[in-house]
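Worksheet: one structure, shown below.
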Amino acid sequence: MTRMTRIDTGLNRLIKLTLAVAFVGGAVGWGLPAAAGRVDEGQEFFEKQVRPILVTKCQGCHNAKFKSAGLDISSAEGFLHGGESGPLLSQENPEESRLLKVIGYESSLKMPPTGKLKDEEIAVLAAWVKMGAPWPGAAPAAAAAPRSKPGAVREFSEAEKNFWAFQGMQRPAPPEVKDARWARSPVDRFILQKLEAKGLAPAPPADRLTLLRRATYDLTGLPPTEQEMKDFVADNSPDAFGRVVERLLGSPRYGERWGRHWLDVARYADSTGNDEDHRYPHAWKYRDYVIDAFNRDLPYDQFVREQLAGDLLPGSAGEEVNRRGIIATGFLALGPKAIAQQDKKKMLYDVYDEQVDVTSKAFLGLTLACARCHDHKFDPLLAKDYYSMIAIFAGTRSFKDPDSHVSVVLEKPLVTAAEYDRYQAANRAHQEQVKRERIALDEILDAEKERVVRAEGPRLAEYLLAARRVYHDGAAAPGVARQAGLDEGHLAKWVEYLKPGERVRQHLLAWDNARPEQLSEAARGYQERFRERLAEWDGKMVKWRAQYAQALAEQAKAVPERPRFDAGEDRFFSDVYLEGGGPYVVTEKDQARLGAGDQERVKALEEELARLKKSAPPEPEMACAVEDGEPVAQKVFIRGDYNSHGEDAPKGFPLILARESRPASEKGNGEKGSGRLELAAWLTRPEHPLTARVMANRIWQWHFGEGLVRTPDNFGKMGERPTHPELLDFLARRFVESGWSVKAMHRLIMLSSAYQMATENPGAGPEADPENRLLTRFPRRRLSVEEMRDGLLAIDGSLDLTVGGTLQQGRGTDGENSGGRLSLNPEKLKRRTVYVPLRRANLPTLLNLFDFGDATTVAGRRQLTNVATQALFWLNSRFLTESSLKVSEALVADKNLDDAGRVRAAYRRILNREATPEEVDAGLKFVAGARRGGWQSLCRALMSSNDFVYLD
Amino acid sequence: MDGTNGILPELFPPVPFIPRVPREIGLTPMNYHVTERPLSRRAWLRAAGMGFGYLGLAGLLAEEARADHPLAPRAAHFEPKAKRVIFLFMHGGPSSIDTFDPKERLDRDHGKPLPIKRPLAFADGPVGPLMKSPWEFKPGGQSGIPVSDLFPHVRTCADDLCVIRSMVGEGVDHGAALLQTFTGTSTFIRPSLGSWVVYGLGTENQDLPGFVTIKPALSHGGAKNWSAAFLPGAYQGTAIGNAGLKVDDIKGEPIEYLANQRLSAEEQRYELDLLQNINRRHQALRRQDAQLEARIQAFELAFRMQAEAPAVFQVEKESAATQKLYGLDDPLTRDFGWQCLLARRLAENGVRYIQCTHSYKWDQHSELYNGHTKNAREVDKPIAGLLKDLKARGLLKDTLVVWAGEFGRTPVSEAGDGRDHNPYGYSIWMAGGGVKAGFVYGATDEIGYHAVEDRMHIHDFHATTLHLLGLDHEKLTYRYSGRDFRLTDVAGVVAKKIIA
């Protein structure tokens with residue numbers, strides 16, 4: 001109290017001072033030299049009042065050395081210049097100055113960050129700003145100097161312009177090499193040339209079963225069968241391996257493996273992740289589209305176009321709706337989204353940001369999203385480039401209803417508009433019918449409730465007191481009821497409601513805590529408030545009933561909803577009369593209380609409601625997709641803050657890549673169409689320096705474990721340089737010239753000697769090429785989690801090879817701690833891993849354990865780890881126990897095999913190779929020495945071994 | 001790692017070893033050249049000494065060491081005050097103005113309109129009037145720190161608390177607030193606080209995970225709240241069940257895959273010996289490959305873990321008195337009591353970062369009185385029990401205990417008798433681990449809506465927590481995607497005033 005008074009007095013004094021000073025200094029304006037006398041007063045005020053605040057509270061960070069947020073207020077010049085977010089002072093309207101907003105804690109930025117200034121201090125600064133912020137020795141001209149605009153087009157340096165990734169693709173000829181025999185493919189010449197230059201020889205060819213295992217896992221994610229092993233070993237023709245590759249490329253399993261690679265890039269998952277983790281109910285259609293695209297070898301340029309703008313492309317002949325194209329835009333639609341974010345504008349711009357991020361990394365190998373707050377730190381990507389791309393997605397809709405409390409994502413019908421309209425009309429009619437039946441039912445129940453409240457309501461206080469005698473004093477209810485002349489059944493309900501239970505009821509505290517002598521008065525109080533509330537409520541009901549009757553009489557399309565009561569307004573009333581299970585409340589469970597006629601009507605209505613629930617019109621097929629929305633006049637947001645607008649950022653592409661073509665490709669602000677089609681067209685130009693290179697590099701990496709550029713999603717300055725730049729360009733050119741055929745790339749790569757090398761090179765040990773950048777050998781790699789799991793299921797014979805579809809229905813999400821929030825457990829399923837639905841917030845343990853990634857950001861390359869908790873899976877999981885048991889049972893059951901034959905069969909089936917005699921002996925010894933379950937243990941050891949888990 | 005543990009003899013002849021070629025399929029033998037003792041990767045790096053891009057060799061070697069033993073204990077940047085953290089997370093957002101931040105003005109102006117402009121709210125609908133706390137505040141201990149009647153047991157520990165009344169976050173919805181509390185940001189996927197701590201310090205006990213989260217929430221970011229994100233997977237939090245499960249469902253297998261359901265330890269060792277025989281032979285036929293060796297080691301470590309770890313989870317081994325101290329004898333407090341007692345056992349056994357979660361309870365948009373009363377009853381005694389037990393065992397001085405929700409609640413009512421989310425000024429407390437005891441830091445405005453004095457943004461909280469552990473938040477970085485990342489991004493100020 002005393003403190004308040006002091007502040008008040010202080011404030012008053014300050015306000016007076018402020019007014020006085022403001023009046024005196026009223027004529028001082030920016031850019032005008034102030035008259036000397038006035039300046040003196042202002043300067044004195046500055047020195048005495050203002051400077052101490054600036055020094056102690058601001059200059060710790062905003063000084064010439066640290067310049068936090070680009071702001072230095074240790075000098076007048078710095079102060080007038082302002083920071084990265086703009087000037088601190090508004091010349092036209094000093095009271096609206098940014099400085100005052102920030103120190104007043106009115107804007108999103110609050111300064112000082114450690115605590116608000118004292119009210120007196122704020123008043124001082126406000127007064128000073130109003131005076132025109134006089135600063136002794138300030139050169140007023142400094143204020144008039146125009147600030148350099150953030151994001152202004154800057155000249156690119158020569159180094160930036162000449163950076164390799166921005167140069168057009170070359171047409172390198174495969175170089176001459178000494179060992180022409182080894183170089184069976186042009187790819188090999190590029191590899192061999194570098195090896196020969198270092199005096200190294202490539203590794204010898206892998207043995208045939210190793211190669212078969214490698215190629216089969218590589219293209220299908222599954223092990224070869226015993227028959228395939230036998231066939232390949234028996235095939236001595238020179239194109240035996242070529243035919244294996246063709247067979248594998250023709251298998252539907254191929255798309256399931258290679259589609260999964262792309263799904264990593266597309267950060268695919270089946271839910272929004274982030275806060276609420278709502279399901280994307282149709283995400284699986286995009287996943288199936290991707291698998292199908294690889295299986296049918298959809299040209300990559302078309303694949304890019306469809307994913308960015310499929311909804312805008314014509315469907316195939318005779319198709320009114322481009323189903324496939326709409327589904328393909330799931331690429332943009334299925335990212336993580338903070339749908340519970342209440343700053344909806346921020347939420348939307350975060351979604352556009354995510355779309356820029358996935359698009360630029362996936363197709364361009366550029367981290368354009370780093371230019372959200374400022375020009376890219378390392379690459380010549382401007383904030384304006386970023387916002388020009390944002391403009392495209394800001395004109396694209398990803399939400400059906402972004403503004404609802406929890407935003408609703410867009411679902412697009414895969415049927416014609418007319419058909420969808422018919423569905424919506426039918427659905428509305430259906431909902432209305434449900435509503436009316438429900439109202440009819442509630443009206444019957446309400447009639448009973450109103451009957452009781454008319455009869456017993458006026459004696460509410462008596463019921464309270466009587467009930468207390470029962471639940472508190474332990475009197476017998478029938479006696480109490482008889483004595484007081486109350487209805488015994490109704491009294492029982494009061495007892496039930498009032499007796500203390502788990503729920504702690506604040507609205508009953510006055511009752512529970514009343515001393516005996518206060519009880520009557522308390523009871524009367526409750527009765528009186530109840531009476532008032534009831535009168536209000538009845539008034540509402542009467543009004544509503546009249547409207548309802550009128551709507552029915554007029555055959556209106558929709559009847560009004562029953563009134564609602566905000567329970568928190570009066571929880572006693574709500575509990576007792578409306579929905580808290582209190583004494584007056586009548587629900588369907590209380591039908592027995594109704595008259596015979598009403599009972600029948602209630603039953604009939606219940607049946608009708610149950611029938612209606614089942615007969616809702618079926619929703620047409622839908623997809624999670626995007627569509628064009630309203631065009632947006634996009635600006636550069638200074639420091640990423642959507643409230644701080646910089647220059648215009650009309651739709652367009654990064655200047656460094658589109659130096660000449662930018663104006664032509666640009667669509668002006670506000671122009672119709674999102675620009676996604678133009679973006680797709682620009683990306684898929686055959687001469688685009690990045691699109692083909694980035695994908696060719698991805699394909700190479702998915703075969704070799706490492707790309708020619710080892711940072712597949714970042715071709716920028718902080719990414720790695722290509723180890724074989726000519727090869728990269730050669731592949732990229734070939735890719736485009738083959739009609740962007742991914743399968744043609746597989747053939748080109750897999751039929752090379754490089755692909756068929758062994759993982760050991762006797763002539764060049766690891767020390768000669770520690771990171772295998774020269775490709776002295778084929779890199780050994782660990783199986784991915786999908787290959788492990790699918791491989792084990794294939795080996796034990798239980799893999800379900802059904803293609804496509806979804807394993808999980810449903811919308812929205814589940815209770816906060818419901819197990820439904822978890823992804824389905826792949827250890828309990830038999831379908832291929834690619835078909836296991838992914839809840840972003842809680843990915844399956846198995847996938848987390850084995851480096852699946854987060855399904856939230858572009859992951860062109862998985863980061864593999866090797867930790868003890870993974871070993872626990874191999875040691876103890878039920879999955880492995882079951883799988884090894886199945887294999888061992890099949891071995892034991894095979895009466896054509898002797899025990900040595902069983903060991904050999906286990907090696908063939910699990911490791912896809914023949915056991916050596918030592919291994920057979922060892923296996924036999926082991927099984928014989930086992931206390932029990934020797935065959936199962938043998939199988940599990942083989943399944944857990946490095947021999948299985950690593951691919952040579 | 002030499003030899004096996006001897007149940008199964010060496011099955012294969014020692015290296016060097018030339019594989020016999022199965023005649024029936026007529027493969028060409030390969031000439032394997034096996035050096036006597038293959039060079040370690042580090043040795044080649046030393047030998048090669050160049051050609052590793054912009055990373056200096058020393059840095060690379062340090063990274064290598066970390067890659068080989070990601071959880072090995074590492075020296076802090078400077079002398080730490082705390083060696084470990086126990087984070088008690090109150091999911092849903094407990095109200096500060098009803099627990100640790102009394103506001104007289106709310107008593108006075110109960111029912112009056114909010115005197116300031118309402119900041120971004122979570123709730124839809126119009127702003128309600130000011131609502132006083134239904135609980136009484138009383139001073140606790142010598143320090144006299146006021147604690148409301150919601151926490152009578154914790155109040156008896158007031159002299160150990162460092163109450164921070166000026167927390168500030170940005171997330172007005174649960175998901176954003178949890179993600180920021182645990183990872184610093186809700187916009188991007190980033191490593192969690194616990195992951196950073198274990199990345200920075202490693203952990204004392206290699207048989208247990210370094211970062212354990214007990215019964216974590218599946219909602220509001222779910223596993224992203226204990227994920228390692230781009231840090232190596234070894235720094236991921238290990239979940240003990242989840243908030244949707246009952247303690248009895250978790251006890252049998254607290255860590256997934258920890259127990260073999262079928263084999264005895266001896267049988268399993270017999271099988272593991274075969275596996276390691278196969279692995280060693282496989283390795284012997286190949287040039288030195290660090291990943292093969294690492295996986296062999298991982299199996300030995302895992303085998304040891306499964307032998308050692310389960311005992312730590314046997315909370316029922318504690319004395320009846322101790323169990324009672326944590327409220328394990330009362331169904332109301334049993335769940336959180338079990339979590340707290342398990343946390344102490346984990347702390348004792350060298351786990352670096354432990355989180356207990358009371359989920360998802362504290363989100364009283366309506367019926368504040370009912371909800372908060374029940375919630376506090378469930379945690380009050382267990383928390384006080386934990387503090388007292390840690391103190392009695394001499395663990396409190398170097399264990400940082402943190403009690404926090406993802407935000408506080410508004411001084412205005414919602415739906416008549418509830419409160420909305422308030423990330424603009426809320427209270428948490430710390431205890432032990434080098435913070436000032438019996439101390440109150442920071443303040444909110446008169447109604448408890450905004451923090452105004454010694455504001456502690458979540459970034460500052462992270463910086464301070466790392467500081468107490470001897471880590472400089474600006475130096476604890478990880479290079480990813482061409483950039484050095486840190487928990488506090490570009491922000492974070494250590495609140496020096498709370499350090500004892």
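Residue numbering restarts at 1 for every chain, and letters A, B, ... go by the order of the sequence lines. Owing to the predicted nature of the structure, the values given are computational and were not obtained by experimental measurement.
Contacts of B/L258 with chain A are made by both backbone and side-chain atoms, with heavy-atom separations under 4.5 Å. Contacts between A/L846 and chain B at a heavy-atom distance below 4.5 Å involve backbone atoms as well as side-chain atoms. Contact annotation for A/E276: only side-chain heavy atoms (C-beta onward) come within less than 4.5 Å of a heavy atom of chain B. At a 4.5 Å heavy-atom cutoff, the contact between A/F873 and chain B is made by backbone and side-chain atoms alike. The part of B/V172 that comes within reach of chain A is its side chain, from C-beta onward, which places non-hydrogen atoms under 4.5 angstrom from that chain. Using a 4.5 Å cut-off between heavy atoms, A/D713 makes no contact with chain B at all. Neither the backbone nor the side chain of B/L368 comes within contact range of chain A; no heavy atoms are under 4.5 Å apart. B/Q291 touches chain A through backbone and side chain together, each having a heavy atom under 4.5 Å away. For B/L179, the part lying under 4.5 angstrom from a heavy atom of chain A is the side chain only. Using a 4.5 Å cut-off between heavy atoms, B/H220 contacts chain A through both its backbone and its side chain. Neither the backbone nor the side chain of B/Q283 comes within contact range of chain A; no heavy atoms are under 4.5 Å apart. Looking at B/D454, both its backbone and its side chain come within 4.5 Å of chain A, counting heavy atoms on both sides. Within the 4.5 angstrom heavy-atom criterion, no atom of A/P336 approaches chain B. Looking at A/A234, there are no atoms closer than 4.5 Å to chain B (heavy atoms on both sides), in backbone or side chain. Residue contact with chain A, scored on non-hydrogen atoms closer than 4.5 Å, involves the backbone and the side chain of B/A294 alike. For A/R571, the part lying under 4.5 angstrom from a heavy atom of chain B is the side chain only. For B/A491, no part lies near chain A; criterion is any non-hydrogen pair under 4.5 Å. There is no contact between A/F879 and chain B, counting heavy-atom distances below 4.5 Å. In this structure, the portion of A/K346 lying under 4.5 Å from any heavy atom of chain B is its side chain and not its backbone. The contact between A/A340 and chain B is made by backbone and side chain atoms together, counting heavy-atom distances below 4.5 Å.
Contact between B/I278 and A/A941 at its shortest, heavy atoms only, is CD1-CB, 4.3 Å.
Per-residue heavy-atom pair counts under 4.5 Å with chain A were compared for B/A243, B/G175, B/P209, and the maximum is reached by B/A243. Your options are B/G244, B/A302, B/G222, and the one with the most heavy-atom pairs under 4.5 Å with chain A is B/A302. Between chain B and the options A/Q863, A/R505, A/Q341, A/M229, the largest number of non-hydrogen pairs under 4.5 Å is found for A/Q341. Chosen from B/S359, B/A451, B/S366, the residue pairing most often with chain A at heavy-atom distances under 4.5 Å is B/S359. Between chain A and the options B/K224, B/R483, B/M456, B/E367, the largest number of non-hydrogen pairs under 4.5 Å is found for B/E367. Between chain B and the residues A/N714, A/V867, A/T845, A/T711, the largest count of heavy-atom pairs under 4.5 Å involves A/T845. Interface summary for chain B: among A/R782, A/R780, A/R931, the most heavy-atom pairs under 4.5 angstrom belong to A/R780. Chain B forms more heavy-atom pairs under 4.5 Å with one residue of A/T856, A/L117, A/D814, A/T865 than with any other, namely A/T856. Contact count versus chain A (heavy atoms, under 4.5 Å) is highest, among B/H174, B/Q236, B/R304, B/R295, for B/R295. Between chain B and the options A/V504, A/D350, A/N842, A/D357, the largest number of non-hydrogen pairs under 4.5 Å is found for A/V504. Interface remark: of the candidates A/V949, A/L864, A/L942, A/T367, A/V949 forms the most heavy-atom pairs closer than 4.5 Å to chain B. Highest contact tally toward chain A, considering only B/E170, B/H91, B/Q261, is held by B/Q261 [criterion: heavy-atom pairs under 4.5 Å].
From B/D173, atom CG reaches atom CG of A/D275 across 4.5 Å, with rounding to the nearest 0.5 Å. The CG atom of A/N946 sits 4.0 Å away from atom CG of B/N279, with the distance rounded to the nearest 0.5 Å. Put simply, OG on A/S945 and CG on B/L274 are 9.0 Å apart, with the number rounded to the nearest 0.5 Å. Here A/L938 contributes atom CG and B/L275 contributes atom CG; the two are 11.0 Å apart, rounded to the nearest 0.5 Å. Put simply, CG on A/N274 and OG on B/S186 are 6.0 Å apart, with the number rounded to the nearest 0.5 Å. The line from CG of B/N370 to CD of A/Q506 is 9.5 Å long, rounded to the nearest 0.5 Å.
Every side chain to side chain donor-acceptor pair (under 3.5 Å) that A/K344 has, sequence neighbours left out, goes to A/S407. A/T857 meets the side chain to side chain donor-acceptor pair (under 3.5 Å) test with A/D854; sequence neighbours excluded.
Contact of the B/M305 side chain with the A/L872 side chain is registered, since non-hydrogen atoms from C-beta on lie closer than 4.5 Å. Here the side chains of B/L218 and A/E816 are not in contact, with every heavy-atom distance at 4.5 Å or above. Between A/R940 and B/L263, some side-chain heavy-atom pair lies under the 4.5 Å cut-off. Counting only heavy atoms from C-beta outward, the side chains of A/M718 and B/R479 approach each other to under 4.5 Å. Inter-residue side-chain proximity for B/R281 and A/D947 is flagged as unmet; no heavy-atom pair is nearer than 4.5 Å. In this structure, B/Y257 and A/L875 have side chains that are not in contact, with every pair of non-hydrogen atoms separated by 4.5 Å or more.
Side-chain contact, A/S937 with B/E271: a donor N or O sits under 3.5 Å from an acceptor N or O.
The backbone N or O of A/N817 sits nowhere less than 3.5 Å from a side-chain atom of B/N242 that would complete a donor-acceptor pair.
By the 6.0 Å contact criterion, NZ on A/K717 is open, its count of non-hydrogen atoms from other residues, nucleotides or ligands being 12 or less.
For the pair A/R878 and B/E256, the salt-bridge criterion is not met [side-chain N within less than 4.0 Å of a carboxylate O]. Residues A/E760 and B/R286 are not paired through a salt bridge, judged by the lack of any N-O separation under 4.0 Å between the basic side chain and the carboxylate. Between A/K116 and B/E453, none of the side-chain N atoms (NZ, or NE/NH1/NH2) sits under 4.0 Å from a carboxylate O, so this pair counts as no salt bridge.
In this pair, A/F926 and B/Y270 present their aromatic rings parallel. The plane angle is below 30°, not in the 30 to 60° band.
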- Message: Assess the residue pair B/F122 and A/H405 against the criterion (ring pair (Phe, Tyr, Trp, His ring centres under 6.0 Å)); give the C-alpha distance rounded to whole Å, side-chain angles, the decisive distance to 0.1 Å, and a yes or no.
- Response: CA-CA 8 Å; B/F122 179 70; A/H405 189 54; 4.4 Å; yes
- Check step by step if side chain to side chain contact (heavy atoms under 4.5 Å, CB included) holds for A/N876 and B/Q268. CA-CA 9 Å; A/N876 297 327; B/Q268 204 175 14; 2.7 Å; yes
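Between B/Y369 and A/H507, a ring centre-to-centre spacing not shorter than 6.0 Å is recorded.
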